[in-house]
Structure formats: structure tokens, C-alpha cells
Amino acid sequence: MIQNEDFQDEMGNNHIATSAQTPMRDDAFAISDDEKIELIKKDVENILNTLGLDLTDDSLKGTPNRVAKMFVKEIFGGLNPVKKPSSSTFDNKYKYNEMLVEKNIVVYSTCEHHLLPIVGRAHVAYISNGTVVGLSKMNRIVDYFAKRPQVQERLTIQVVQELQKVLGTDDVACVIDAKHLCVNSRGIRDIESSTVTAEFGGKFKEEKVRREFLDYIKLDTQF
């Protein structure tokens, strides 16, 4: 199949992902963050100039640099493995063997198809097999994988896979409910709709355990 521009547009408009891993080139970190900022700054200047904006205006003069720093240091900072949260865990000395749920974790991400915001909430749970992780670490893992061009399905999978690796158990689940501004502000322009994705591992594949988790987060969606 020839993947022409129309095909690529169709994939992007329908938010189709191609991989559970973020597509990265081997030389992604061959240059420093400062060098990336300088290159992106020039690209943003070119975009704004092409749109006909006057970059000598005081309001716009610093925009290329601000955008470049924001891309590298903030909204796409999760591309850099150096920023990955440390994976320290603790012995489950108090023998808590029930489900632990961290709900309503704020998600700020960016759709990789149109580079527009994805905003919502993540609900993450696990059942300890002998180790536990700090509550804030769950938030940090969500934030780390959200801070990159993303597809919501991939983000959901990446959060579960990372926690499975950190905790040494398959018994991890994640549900994300988010609005996509590429749907809300362009295209169909449906401001009410949101997207719900879920990834269930280990015991969470069992209907009883999965239902208990969904009851905790008060989600009526059937999976």
C-alpha cells in the first residue's frame, strides 16, 4: 500500500497509532537541549513569518524562543530518558495485599497528529506482590510519559508497562479519560466528547477485579 498524503491525513484525523513505543530516531540525543532550542527557535520564526506576523512587535518578539524552550524543556520533556522518574520501591512491610488506586491524576499531553493538547485524568491501580511504590511516583510516571507527542492508547499502555517493570508484577491497570483539542477545537469541533482508554494487566483481566477498580474510580464504561 502506498502511504500517500491522503492516507497519512486519514491516519492522523482518526488518531491511529502505529506502535506502543514512542517512535524515536537513534540519533535523538546526538545534540544538546540548548542546540535543539536554537534550531527549533529558527523553525518557529519561519512559521510565524510565513503566516505574515510581524516579529518585531514586542508581543511576538520573544515567541520563537519561548516556544522552543517550552517544546524541549516542558511539553516534550518526557522524550528525554534522563528525566525518567527513578524507580525506587519499598518492601510491603505492613502486608497490604489489596488493590491500591491513585485516581484523578491530571494528564497534560500533546496529540502527535496535530500537536494540540490532550487534557484529562488518569486512574492507576496495582496489587502488591511484596513491593510498593510511593504514591507521588505514580503521578510522576504518568506525567513523564504524557510529556511527549502522544496517542492516548500508547500513553495508557506505557504507564502500565512502566509500573509493571518497577513493581515486578503484572497486576497493574490504568484508565485515562481525556479531551483532545484536535477533536474539540478543529475537525468535527465536538467540545463535549472525551476519549476513554484502558489497559489491564494480570489480575485486572479478571472481571471481578476489573469491576472493583472501575467502581473505585466511578467509571460506568464497560471493558
Side-chain angles (χ1 to χ4, degrees), residues 3 5 7-9 11-13 15-88 105-120 122 136-163 165-166 176 178-187:
Q3 296 189 7
E5 189 171 330
F7 174 81
Q8 292 167 354
D9 279 347
M11 283 196 68
N13 287 329
H15 310 283
I16 305 299
T18 57
S19 170
Q21 303 301 317
T22 303
M24 298 286 290
R25 297 199 322 268
D26 291 339
D27 64 347
F29 304 102
I31 61 176
S32 69
D33 283 358
D34 287 342
E35 290 172 302
K36 289 180 179 181
I37 288 169
E38 284 304 309
L39 290 170
I40 294 171
K41 177 181 173 181
K42 292 182 175 63
D43 291 332
V44 176
E45 285 176 352
N46 185 49
I47 291 170
L48 297 180
N49 276 319
T50 301
L51 290 171
L53 294 169
D54 181 5
L55 295 187
T56 65
D57 185 272
D58 286 341
S59 180
L60 290 170
K61 194 177 296 183
T63 297
N65 191 57
R66 283 192 294 267
V67 172
K69 288 197 297 184
M70 177 184 68
F71 275 14
V72 174
K73 303 280 189 182
E74 297 178 66
I75 66 173
F76 299 144
L79 291 171
N80 193 334
V82 171
K83 297 184 178 181
K84 187 175 182 179
S86 59
S87 56
S88 55
I105 300 171
V106 174
V107 172
Y108 284 114
S109 192
T110 304
C111 169
E112 70 180 33
H113 300 119
H114 295 94
L115 298 185
L116 286 172
I118 300 171
V119 182
S136 65
K137 185 60 59 64
M138 299 165 75
N139 300 61
R140 293 180 189 279
I141 287 172
V142 170
D143 188 62
Y144 171 71
F145 286 104
K147 291 293 186 288
R148 55 180 67 182
Q150 268 292 12
V151 175
Q152 187 171 323
E153 298 93 324
R154 179 194 298 140
L155 173 58
T156 312
I157 292 169
Q158 288 176 333
V159 169
V160 169
Q161 290 180 341
E162 179 64 17
L163 274 169
K165 183 166 61 174
V166 168
I176 296 177
K179 286 182 175 289
H180 294 235
L181 264 68
C182 47
V183 173
N184 301 146
S185 69
R186 58 159 301 282

Chemist: Check whether any side-chain heavy atom of F71 lies under 4.5 Å from a side-chain heavy atom of P149, and answer yes or no.
Modeler: no

Chemist: Quick check for you: to the nearest 0.5 Å, what is the distance between N49 atom CG and L55 atom CG?
Modeler: 4.5 Å

Chemist: What's the spacing between I141 CD1 and M138 CE if we round to 0.5 Å?
Modeler: 8.0 Å

Chemist: Which heavy atom of F29 sits nearest to which heavy atom of L79, and what is that distance?
Modeler: CZ-O, 3.0 Å

Chemist: Which value, rounded to the nearest 0.5 Å, describes the distance between K83 atom NZ and D143 atom CG?
Modeler: 10.5 Å

Chemist: Can you check whether H113 reaches V151 side chain to side chain, under 4.5 Å on heavy atoms?
Modeler: yes

Chemist: When you check the side-chain N and O atoms of E153 and T156, is any donor under 3.5 Å from an acceptor?
Modeler: no

Chemist: Tell me the closest heavy-atom pair linking R66 and S59, and the distance in Å.
Modeler: NH2-O, 3.3 Å

Chemist: Does P85 offer a backbone N or O that forms a donor-acceptor pair with the side chain of R140 under 3.5 Å?
Modeler: no

Chemist: Within the distance-only criterion (no hydrogens, no angle test), does the side chain of E74 pair as donor or acceptor with the backbone N or O of K69 below 3.5 angstrom?
Modeler: no

Chemist: Near Y108 OH, under 6.0 Å, is it more than 12 heavy atoms from other residues, nucleotides or ligands?
Modeler: no

Chemist: Checking side chain to side chain contact (heavy atoms under 4.5 Å, CB included) for the pair I118/T110: CA distance, chi angles, key distance, verdict?
Modeler: CA-CA 5 Å; I118 300 171; T110 304; over 6 Å; no

Chemist: Please find the pair of heavy atoms, one from D54 and one from T56, that lie closest to each other, and give the distance.
Modeler: OD1-OG1, 2.6 Å

Chemist: Between E162 and V159 (side chain of the first, backbone of the second, donor and acceptor by atom type, cut-off under 3.5 Å), is there such a pair?
Modeler: no

Chemist: Rounded to the nearest 0.5 Å, how far apart are OG1 of T22 and CD of Q158?
Modeler: 4.0 Å

Chemist: Please report the shortest heavy-atom distance between L155 and V142, naming the atom on each side.
Modeler: CD1-O, 4.2 Å

Chemist: Between I31 and L39, does a side chain to side chain contact (heavy atoms under 4.5 Å, CB included) hold up when you go through it step by step?
Modeler: CA-CA 10 Å; I31 61 176; L39 290 170; 3.7 Å; yes

Chemist: Restricting to non-hydrogen atoms, name the atom on A146 and the atom on V107 that form the minimum distance, rounded to 0.1 Å.
Modeler: CB-CG1, 4.4 Å

Chemist: How about V106 and N139: do any of their side-chain heavy atoms sit closer than 4.5 Å?
Modeler: no

Chemist: Grab the two heavy atoms, one from L116 and one from C182, that are nearest each other, plus how far apart they are.
Modeler: CD1-CA, 3.7 Å

Chemist: Between K41 and K36, is there a donor-acceptor pair closer than 3.5 Å when you use the side chain of the first and the backbone of the second?
Modeler: no

Chemist: Output the distance between atom CG (D34) and atom NZ (K73), rounded to the nearest 0.5 Å.
Modeler: 5.5 Å

Chemist: Any chance you could measure T63, atom OG1, to K61, atom NZ, to the nearest 0.5 Å?
Modeler: 11.0 Å

Chemist: Would E112 and R148 pass as an ion pair if we require N to O under 4.0 Å?
Modeler: no

